[in-house]
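Here is the structure we will look at, set down as structure tokens.
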Amino acid sequence: MNLISSEIGRLALTIAVLSDFFGLTMLVVFEAMRQGEKEKHYLWYYLLSVFGISTLLFTGLPQVVKWINKRTPEGKTVDQNYIIAIFLAVFLIGFATDFIGAAIGTGPIWLGLAMPNGPPMGVDVMQKTEVILNDFLMPFAYASVGLYTDVFAMTASWNTLVPIFTMVFMAIFSKLVTNAMLARFMEMSYTESFVLSIMLILKGQTEYFLCLHWMDLKIIKIPFFSLIVIMTIIVTVISCPIIDYMYDPTKLYLVNKKRTIEHTMQGSELRILACIYDQESVANLFSFLDFANPTSSNPFTVFTLYLIELVGRGNPMFIDHTKHINAYWDNNNEVIHNAIKHYAEARTDYITVRSFTSVTPNRTMYQDICELALLNKVRFIILPFHKKSITDGSDYSIHIRPGVQSSNANTLSHAPCSVGILACKNDATWGTNPAPMFLRIHRQFVMLFLGGPDAREALLLAGRMVEHPYVSLIVIRFLPSENRGFLKSERKMDDGVVTCFWVQNEWNDKVVYREVFVNNGLDTVSAIQSLNNSTPVDLWIVGRENGIDPILLEGLSDWSENPELGLIGDFLVSMDVNTSGGSVLIVQQQVLRDPQCANPLELSFTVLLLDMSIVLILSNIMRFLLKPLKQPKVISDVLAGIILGPSVLGHNKTFAKNVIPENSRFIIRNIGIIGFMFFLFLTGVKMDVTVITKVRKRLWVNAAGGILIPYIIVPSVASIIKRCTDLGFNKASSTGAIVSAIIITAFPVIYSVLKDMQLLSSEIGRLALTISIIGDVFGLSMIVTFEALKQGEKKMIYVLYYLLTLVGVWIVKRTPQGKLVDQNYVIATLLGVFFMGFTTDFIGAAIGSGPIWLGLAIPDGPPMGETIVQKTEVILNDILMPFAYATIRLQTDVFEMWAYWASLIPVFTLVFSAIVVKLVAVVLVARFMEMTYRDSFTLGFMLSLRGESEFFLCLHWMDLKIIKTPSFSLIVTLIILMTSIACPIINYLYDPTRPYLINKKRTIQHRVQESELRILACIYDQESVANLFSLVDFINPTTNNPFTIFALHLIELLGRATPVFIDHTKYKDVYRDNNNEAVHKAINHYEKAHRDCITMNFFTSVTPNRTMYRDICEIALSNKVELIILPFHKKCIENRYDFSTAVRRVGVQSTNANTLSHAPCSVGILACKNNAAPWGTLPTRISYRVNCVFALLFLGGPDAREALSLVSRMVEHPNVSLIVVRFLANEYEGYEKSERKMDDGVITWFWVKNEKNDKVVYKEVVVRNGFDTVLAIKLLNDSAPIDLWITGRNNGINPILIEGLLEWSENPELGLLGDFLMSLDSGSVLIVQQQVLRNQRVSP
């Protein structure tokens, strides 16, 4: 991550080294304890062995390495034989530690610790092994980790791994929190504390090795190993991006304070940082310092930084030689330090020198340069060029300093001051006076001024140099031949600096100033070449590139070889141009931090993204926390927004400034209003207003009573208190609007909350939805009336204008729409939402009124309504609505509400009285209509729910200045309290599944013989019709044993809000869609063919998948059904026997599972594999003319007895043969006496009944476990072609018979044996569950 040399990176490395000493000690202790678990003397043997090996290594090896280092000449590599000996020692010490029982990697790390790091030995060992290790050996190491990592084994053993997961997770989390708290205690900032703590929980290679070691010792197994490896990966994968996001050490370097030569006051101290890479660069840099002309009146403070690449050690090193005078990294370091010391002693009057050494990787070397410059307020950094010339002064390609070019480029990008790069061609001999350009010889410098900040900085530096007695200066200013290209501001500053320079040096005969006009970059180069050929130049000085007029460089971009020098600088150092051997100094002025990008939180869009990310995360946390309290989504989302708003976190000024600044509130509010518009539009699309024409008088009484009673009482209360309320609230229109909003139950709110509570298809849920639709019709009329009155407060003519416009909009929206659901049509409809919002807002109505009218005008359900809902619902719920809740948050301020509480008491009284009166009125009317107390209160609380619609109206009232922030906050708070209190009460009072589980037995086993059998057949699609009716035929209805069939076609609720239940005996020609009609015709055909023995009733239910089971259970309960038949959730189409490639019926699996849990009778699930037959006149897949073989697998228990009772009917069918296999445990192990007795009774009854029936075969198989059971079934499958397998689900099965089959379960609703039967290559499967009586629920 390039953070080794950063401040926090070094701190983390140091802490890691300290903790590793403790960790190695603890590792030795625990290894010793493990050895002692075998025999006690092993403990002492292990400790003595460890002590002996470590003593030998840490005392003997350093001496050997020192001896090798002394024998190695300066600058040479260590002898190859010594390196090989070290490598052999790694294997030897690994063998030794493994032999004594320690981890095999312990010895090598001790060997590495005992070996002195750094050159020459440490460097050579690293250089010769690092590539082979990283690129060849470590991939094998990671592969060994991968071979042992088995996610499937981990998930299979997850229950046993939960404590281990908790322990590891708590260890990581506690370490994170502890490190952060300690860092804060040491006064680190919050960001740095958190970054340091995350760095210290990074995991990787060491943990993998320890896990492999524990595997060898059998301390852990593969599931545990896989869990630790995956958690290690997750921790590191999550930590690294967080560290990268939170911590950027380079951000500190770019500052807004100007630290340049141009802005240095005359006579003040100039602070320069001179960077040194090798001995050759020392003299060049010091010559430059001398020519910069330090004097007693203009003194210099020079910081010399010797930069060494980090090789042969892990930790970077930074040495301050003023504190550690004799601390040297190597001999070369000592030589350079002595030269610096010599230079400083010769110039003590005007130069102060401080010497540093940095040992760090090349990639992060620039960080030390920038940090030292920042801390010491340096004005100018001087860097050597990455090429150096030794033998020939005119050739730069002789030797390249590795890594220096990228280090220089990064320094230019991040430096907190001005920077110069010195490319020197005259490397004279190293002398006592380290100045290769001898000061007593006259020197000719040339400054090329092309304009811009860099050129101005270079000119001012050249102005200092020309004050040196042995320096002459030629200044060439390049200007475009035509007055174009220059920025006026830059041109003005250039003129000012040049004028100032010329005024100071006008009488100086060592200074020559010229202006050259050019047309392009080729003219610029030609002028430079001409000057080079005519005048011997010792040093070229030029600005890098910032601010240069592009005309002056036009055509030169193809020549760039060294981009860090700029185009002109790169041209000057080229071999074929600079023939005179002149050196080159490239100058870049400090790059200030961009004030617009200094803090990304100052950008409104960035804040918007941050804000919404926090809202989404917090809302999901709130949903998780409030889920046990049965709170709907709207409450958790609004509470999450309020927590971030001015009521909680936003009350802190710093938080509010950074997270919800003023520049983002306007955007959030507007997107939030769009969210409300689309919410109301989609709710209108889902509403079926025609329900009003079909409702019974009872519902009209409930709706009217719940509205009229509050409208009589609450306005009376309002008339008493309105004079006490704040301005804008005491008008009739304002009071009426607020009273209407509180009294009227909004359908959008009821729908969204009941959907979250899964009560849409419940009896009282449907009642509440219908009443809310009736109420909304009245409520919209009242809101229109009060909006008109509000307009009339300005001028009465506006009332007529407003009402006429509404009528016009209504007529337009009632225009018939196109029938085809084309994409363009959907887009046009969505654009219509904006248009209607604009129209209603333009005429003064609430901006959401138009979208909800548009939604109401669009037919609900498929195809149009369903298409619109599917294409927009996800974007609305997950993107737009969070903005809507954020809009509520911005306006809700609890502190302001408390501050004005005295004036809010009338408002509180009005709203509270409206809520209470509404609740009481609904309960009283419900009791009058003879509903139970429980159901009456449930309906009352449902119709008291408040949410999105009320929030939107509150925002609208804020815009109209009907209410202010305190009143808004109060109403929002009361709405949240009302809904958050009502939901748990509803959940407590009303359980729609409670009536389904009864104590009266409704099973095939317990029904009276020769009586009518009542069956509920559930249909999901056309394919399931034939399969279900084939099964009904084989159950053998006759005139003596007639059937009553209730066929229920189940359709998922899409594109509408209100569930639909159609009884086709009453509404014969009412169909949901074409598929529904086709199913109905097939059922009519079947009924006509079996009129003498079957009575058919057909229903259609359009309801959400999650609550579909309730309609099934409701019909079964009300019609006293004894058997429910459900299709399996997979259907075979391409391969008739392969369910692995089958098509899944969406939502059917959960519906089947819930039906099994709540059914008031017995249930069968039919998985039919014969889907090849065409759809015929008689919808049966298995022909009557073919003899069919059915097999019943009897494993005991209520489900098996019910299945046996069912097949006793099937065997009476003339084309059915039956094989009954009863499985018994070896030596009758594991049976309950009562269950065994009932099983024997049923089997005896069945056999007595069918003893003389040659179509019935009865077998008993004794097994020892589940594998024997499976083997017996496979043998039966191979011996005879089975058309239908029948078995009980799982209730009451002897556990011995299914022992070991738990890991095979893929479809738990089928039971273990049923799930196995699905894998066989022949035969359909029928799973039977006997009715579960009240308080005996089974888990699906």
Side-chain angles (χ1 to χ4, degrees), residues 1-28 58 62 106 109-119 122-123 126 171-172 174-207 210 235-236 239-240 242-244 246-250 252-253 305-324 327-330 333 356-372 374-375:
M1 297 183 73
N2 294 336
L3 294 177
I4 280 184
S5 60
S6 65
E7 183 181 3
I8 300 181
R10 293 185 183 187
L11 182 59
L13 285 171
T14 305
I15 295 172
V17 170
L18 294 174
S19 65
D20 274 357
F21 281 109
F22 176 77
L24 284 171
T25 305
M26 295 303 296
L27 187 62
V28 169
F58 286 97
T106 310
I109 198 171
W110 291 344
L111 177 66
L113 289 171
M115 181 180 295
N117 56 44
V123 172
M126 288 287 292
I172 295 171
S174 59
K175 184 173 178 65
L176 175 69
V177 174
T178 303
N179 289 330
M181 291 176 64
L182 290 173
R184 280 296 299 150
F185 178 75
M186 299 308 295
E187 298 182 354
M188 292 178 68
S189 68
Y190 283 104
T191 300
E192 292 178 344
S193 301
F194 194 61
V195 169
L196 177 62
S197 62
I198 293 177
M199 284 183 178
L200 293 176
I201 64 168
L202 291 172
K203 305 298 177 190
Q205 296 91 332
T206 305
E207 287 72 24
L210 287 174
V235 167
T236 304
S239 299
C240 290
I242 293 175
I243 294 170
D244 184 68
M246 296 187 68
Y247 182 60
D248 181 4
T250 63
L252 303 173
Y253 309 144
L305 178 60
Y306 179 36
L307 295 154
I308 305 172
E309 183 183 3
L310 179 65
V311 178
R313 62 177 287 139
N315 286 17
M317 180 180 289
F318 190 84
I319 305 170
D320 184 350
H321 293 286
T322 56
K323 299 178 181 178
H324 308 282
Y328 307 113
W329 173 249
D330 53 20
N333 185 208
F356 302 88
T357 297
S358 172
V359 184
T360 187
N362 280 331
R363 290 183 302 174
T364 58
M365 210 170 267
Y366 73 96
Q367 293 180 8
D368 281 344
I369 298 171
C370 296
E371 189 158 353
L372 188 62
L374 181 68
L375 294 175

Out of curiosity, Glu192 CD to Arg184 CZ, how far, rounded to the nearest 0.5 Å? 10.0 Å
Can you tell me how far apart CZ (Phe318) and CG (Leu372) are? Round to the nearest 0.5 Å. 5.0 Å
Minimum side-chain heavy-atom gap Phe194-Ile242 below 4.5 Å: yes
For Lys203 and Thr236, which heavy atoms make the closest approach, and how far apart are they? O-OG1, 2.7 Å
Non-hydrogen side-chain atoms of Pro316 and Leu13 separated by less than 4.5 Å: yes
Using modelled atom types and a 3.5 Å cut-off, is there a donor and acceptor pairing between side-chain atoms of Ser197 and backbone atoms of Val177? no
Quick check for you: to the nearest 0.5 Å, what is the distance between Met246 atom CE and Leu196 atom CG? 11.5 Å
Taking atom OH of Tyr247 and atom CG of Leu3, what is their separation to the nearest 0.5 Å? 6.5 Å
Looking at Arg10, I'd like to know if its CZ atom is crowded, meaning that more than 12 non-hydrogen atoms belonging to other residues, nucleotides or ligands lie closer than 6.0 Å. yes
Where the side chain of Asn179 meets the backbone of Lys175, is there a donor-acceptor pair that is under 3.5 Å apart? yes
So which heavy atom on Ser193 is nearest to which on Ala180, and how close? CB-O, 3.8 Å
Distance (rounded to the nearest 0.5 Å) between Leu305 CG and Asp320 CG: 10.5 Å
Minimum side-chain heavy-atom gap Met199-Ile15 below 4.5 Å: no
Atom CG in Leu202, atom CD1 in Ile172: separation rounded to 0.5 Å? 11.0 Å
What I'd like to find out is whether the side chain of Ile243 reaches to under 4.5 Å of the side chain of Ile8, using heavy atoms alone. no
